[in-house]
Protein chains: 2
Amino acid sequence: MADTATNRRDPATEAWELFMEIFGEVRPRMLDVQADYGLKPPQFFALNALDEPQPMSHIADMLRCDRSAVTWITDRLEERGYVERRADESDRRVKLLALTDEGQRVREEIRAQLALPPDSIASLSRADQRTLRDLLRKALER
Amino acid sequence: MADTATNRRDPATEAWELFMEIFGEVRPRMLDVQADYGLKPPQFFALNALDEPQPMSHIADMLRCDRSAVTWITDRLEERGYVERRADESDRRVKLLALTDEGQRVREEIRAQLALPPDSIASLSRADQRTLRDLLRKALER
DNA sequence: CACGACCATTGAATAATTCAACGATTGGTT
DNA sequence: AACCAATCGTTGAATTATTCAATGGTCGTG
């Protein structure tokens, strides 16, 4: 708190602030796309978290909500056939949430729409875009 | 749709996909900070949109929700003293939402917590962090 | 000045989240 | 082996948040 001023000079912090600002730009469009598929943000984020099957409690952790809310969300997604409950071999208490083929398909469809970069990114020169891409790749490879 | 493959090669699209992936990393922490202040995401985003006073309908547009939901959200934020309704000189139908001093203070406090960059950004070399910062600055200046 | 359109609000219906309690299962302790 | 506390997902009730339809007040245009 006392070193807010010094933090502001930290390039990582500054970069992150800009990062969030850019992200804020696209939030409305993100909501539109989700709404087109009849999904609320938590439902979409649940879907998006299922790169591999996950215990329901783990989804609750990410979404920061009650387990019972995940039960409810899962019911909705299951009704649409996007998701299914599987048994966990190693622990019969847990149920694993997994994408169905349809769920996988829809998720990719949504992702494709969200992948369209916002104006701020698109306005960069192609060289800058490549530099940015490489930088972000490096960040994720840590 | 037919050119999904070519889009994948577009550096801006690739960069944006990575961008979103990094952002996903911090979502849980963001929810935690908001929860510490008793705010739901829509309430926080409303607060965050008030760089200058905004018509309530404009907030509804950004949040992609009904105007009546904004009335409700505003009531909550007003109860806490974060926000106030002002008259719009030029159009007596509209009410402008504006941050109170307290609201300004709290918003900065929250922002300071969210400004802490995630590991992926922090793990970059200081030189890369600076490059990233400069790139994002340039993107926003378009 | 009459008309349709827009703004924020209200009230009712609905959706989504939280909270407390439960049955089933697990792992650890004795 | 037999308890015991803890965890998992679900249920039901209470609460909170969002949508939908209708309203009073205001605006701009014809």
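Letters A, B, ... mirror the listed sequences (proteins, then strands); counts begin at 1.
- For A/Lys95 and C/dG23, the NZ to C1' distance is 11 Å, given to the nearest whole Å.
- D/dT23 atom P lies 17 Å from atom CZ of B/Arg67, rounded to whole Å.
- Along DNA chain C, the nucleotide nearest to A/Trp72 and the one nearest to B/Thr71 differ in position, and the one closer to the 5' end is contacted by B/Thr71.
- Cluster membership for A/Leu124 and B/Leu136, using ILVMFWY side-chain heavy atoms within less than 4.5 angstrom, is shared.
- Between B/Arg107 and B/Asp51 there is a salt bridge, since at least one side-chain N of the basic residue sits less than 4.0 Å from a carboxylate O of the acidic one.
- Considering A/Leu50, A/Ile73, A/Asp75, A/Thr100 as possible partners of A/Val83, the one that fulfils the side chain to side chain contact (heavy atoms under 4.5 Å, CB included) test is A/Leu50.
- Comparing A/Arg64 and B/Val94 by the nucleotide of DNA chain C that holds the closest heavy atom to each, the one mapping nearer the 5' end is B/Val94.
- Within 6.0 Å of the CD atom in A/Glu79, the count of heavy atoms belonging to other residues, nucleotides or ligands exceeds 12.
- Summarising the geometry, the separation between CZ on B/Arg86 and C1' on C/dA8 is reported as 18 Å, rounded to the nearest angstrom.
- Side-chain atoms of A/Arg92 and base atoms of C/dT25 include no donor and acceptor less than 3.5 Å apart.
- The CG atom of B/Leu63 sits 13 Å away from the P atom of D/dA17 (whole-angstrom rounding).
- Comparing A/Lys40 and A/Met56 by the nucleotide of DNA chain D that holds the closest heavy atom to each, the one mapping nearer the 5' end is A/Met56.
- Computed from coordinates, the B/Leu97 CG to C/dT9 P distance equals 8 Å when rounded to whole Å.
- Below the 3.5 angstrom threshold, one finds a donor paired with an acceptor across the side chain of B/Arg93 and the base of C/dC6.
- For B/Ile73, whose side chain is taken as the heavy atoms from C-beta onward, the closest listed nucleotide among D/dT18, C/dT26, C/dT9 is D/dT18.
- Atom P of nucleotide D/dC8 and atom CD1 of A/Ile59 are separated by 13 Å, given to the nearest angstrom.
- Side chains of B/Gln104 and B/Tyr82: a donor-acceptor N/O pair is absent below 3.5 angstrom, by distance only.
- Here the P atom of nucleotide C/dT17 and the CD atom of A/Gln43 are 8 Å apart, to the nearest Å.
- Atom CG of B/Asp66 is separated from atom P of C/dT14 by 16 Å (rounded to the nearest Å).
- Nucleic acid contact for A/Ser68: base, since at least one base atom lies under 4.0 Å from a heavy atom of the residue.
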